[in-house]
Amino acid sequence: MSDNQALLDFSKEEKIPDDLIKHAAKLRHDLQYHDQLYYDKATPEISDRDYDRLYRELVDLEKKHPLLITKNSPTQRVREKSQGFQSASHLVPMQSLDNTYSEQEVLDFIKRLHKLLPEEKISLTIEPKIDGVAIALLYRDGKLVRGMTRGDGVKGDDVTRNIEMISNIPKVLKGKVPTLLEVRGEVYLSKKMFLQLNAERDEEGLPVFANPRNAAAGSLKQLDPAIVKERHLAAIFYGYGAIEGNSISTQRAFIEALRSWGFPTHPSVDHARTAEEALAAIQRLGNVRHNYTFETDGAVLKVEELAQRKRLGSTSKAPRWAIAFKYEPEQATTRLLAITVQVGRSGVLTPVAELEPVVVAGSKVSRATLHNVEEIKRKDLRIGDEVVIEKAGEVIPAVVSVVKEKRNGSEKIFQMPGHCPVCHTAAIKKEGEVALRCINPDCPAQLRRRIEYFACRQAMDIAGLGEAVVAQLIEVGLLKSVADLYHLHAEQLLPLERMGEKSVENLIKAIDQSRHQPFWRLLVALGIPHVGVTAARTLAERFHTLEKLSAASIEELCAIEEIGEIMARSINEALRQPTMKKLLEDLQIAGVNFGEEDPVVYDVEGPLQGTIWVITGSLSQSRDEIAEHIRSAGGKVSSSISAKTTYLLAGEAAGSKLIRAQKLGVAVIDEAAFRVLIAEK
Ligand code: IVH
């Protein structure tokens, strides 16, 4: 309020019309509201495009009437805030970029460069603009010491623990490294992981992320590093804040240096010397960007020569040597014909939009998940509405908004049914969840999804047990529980549709063989919330058997380096559920592998055959990658030290494991010695 008061006083001198003052205040208010949804809650209500439009309107207004600028105007600060992390100052402030959707403004930008640096040759690099979360990582003498988010540009959150969980971020650099390096880049969630994450969140009755950027931001701010690890974030680096002990003069040379130190960089960087070349490069990137594993929302144009950048300098918010050109989102409008309801494996009821078929970004779309009833309310969707469709993560169609002007009054408000559409059991809402659930454990729709999940490639990997087969087996009454799979006979399957002798034989064999799948696969297949492949492998290595895992307390689970409290509680709770206990009993009777007391050394021939390894400390590759080397060389990896451990591979800053290994007399070797061992024949 005092903000507006000051404005009113100023306006007397400049005579800014009242309605403009009010309009600027409204824009500030709206932008602040959307900032909060975007940054703090990761649940934006408007598209980036619409946000940029509002933002641009305020910038233009403030340009015309500088007295309208207030200290708290969203145009005057870079925002990003969160709770639960220590805040720390950046060595050099992290600025943002000026954005544009117009080619003309790109041309204006290049013209301005030439005006500021008359008579000089100016080369530009054109890089993909990853739609992720900006981060700054500090390396001293080649070792990662701190990872931070942008925050307000001056101070950010210290998210080092979470950064350490991102496998393509080097913890120790290679080659001749600067004494001090603060690199900048983007943490992102691949389109594939984004879709997987949202599908899981739907299943768990949690709100979904609107796009990969929000998902990456939400993941990086997790207080449980185990969950960060499970999300499989990745990063790409393109810039620096501070660098000491190195002399690099161009962006091209810097990117090459980044690569040589072990950082992941952009798959392709283009170059331009003229305005025409720059526009052509933007177009080229526009054509290939959909092929990238990460979502890009634009192209970043940067002056190539670092000395020129220095002379160009920056405004209070953004450098004068760079600009981001943003691509228009690919959208289409169509009619929402109906909303149907699907049942997930844990009983969550998911509303699905049935759409008049329409082509978006090259493929036909006729259905889109609406996630939950809160989303429908938030977007005010009504049956019969004309709706805007976009591809979330550039893959899965999503309903973005309603074209309200096209309403004629015949549109109907959707009511979520109070019961399961398949088994008709009353649906309930659990505390803290947005979703309604069918709570009938024998619901055939839930059973179908549970069996599909149990058999999928990441879990028990039963080839030939696809959706159509599962649906038939449930319909004819052959499957009443997941464990019934192990009692199927060929004669029962032969009469089913599209099941020949050969496919029946193969399916029976695949089911039979799945009994001997490694124990971690069973842990994935059980569908415990938060437990994916990575956590399942860790748990199996640590506890060896289901019996021991079931007996573990929350404290014991939390004591494992890679398991946090949220995951620990989830495991503890899931394994105590009566329905889970019954399923486990049946699976055990069916002869499914529940793990073995002593770790079995992999029977892979290689230099490490017969050895058991524990890995600790910072190494030049992620722990998963090193573990893979060990396994493929015939060794076994365990997460805890015991008298049976052959070697402890200790990197930098090894802690309690090193002490324990020394106490138990376990051989400790460093990475260099390890590399020699695995290279031996
Ligand atoms: S250069 C002074 N290069 O987009 C800031 N930024 O909207 C220099 N971004 O703040 C940033 N890809 O977080 C740069 N290839 C790229 C980028 C990139 C994504 C992000 C970055 C930036 C934001 C601006």
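In listed order, ligands and their atoms are each counted from 1. Every value quoted in this text rests on a predicted model; they were computed, and no experiment measured them.
Ranking the protein heavy atoms by distance from atom 23 (C) of ligand 1 puts Lys129 NZ, 4.0 Å first. The nearest heavy-atom contact from the protein to atom 21 (C) of ligand 1 is Tyr238 OH, 3.2 Å. Among all protein heavy atoms, the one lying closest to atom 13 (O) of ligand 1 is Glu186 OE1, 3.0 Å.
Residue contacts with ligand 1 for Leu97 involve both N, CA, C or O and side-chain atoms from C-beta outward (heavy atoms, distance under 4.0 Å). Within the 4.0 Å heavy-atom criterion, the part of His266 lying near ligand 1 is the side chain and not the backbone.
In terms of heavy atoms, Asn211 sits closest to Phe194 at C-CE1, 3.3 Å.
Annotation for ligand 1: atoms under 4.0 Å from non-hydrogen atoms of Gln95 are 2 (C), 5 (C), 10 (O). Here is the list of ligand 1 atoms found below 4.0 Å of a heavy atom in Ile130: 12 (N), 19 (C). Per-residue contacts place Pro319 under 4.0 angstrom from the following atoms of ligand 1 (heavy atoms of the residue considered): 2 (C).
Within 6.0 Å of CZ on Arg309 lie more than 12 heavy atoms contributed by other residues, nucleotides or ligands. Crowding of His29 atom NE2: a count of heavy atoms from other residues, nucleotides or ligands under 6.0 Å not exceeding 12. Enclosure of atom CZ in Arg273 is not indicated, since only 12 or fewer non-hydrogen atoms of other residues, nucleotides or ligands lie within 6.0 angstrom.
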Show the atom names and distances, to 0.1 Å, of all donor-acceptor pairs under 3.5 Å that link a side chain in residues 125-143 to residues at least two apart or in another chain.
residue: Glu127; atom: OE1; partner: Lys302; partner atom: NZ; Å: 2.8
residue: Glu127; atom: OE2; partner: Gln251; partner atom: NE2; Å: 2.7
residue: Tyr139; atom: OH; partner: Pro170; partner atom: O; Å: 2.6

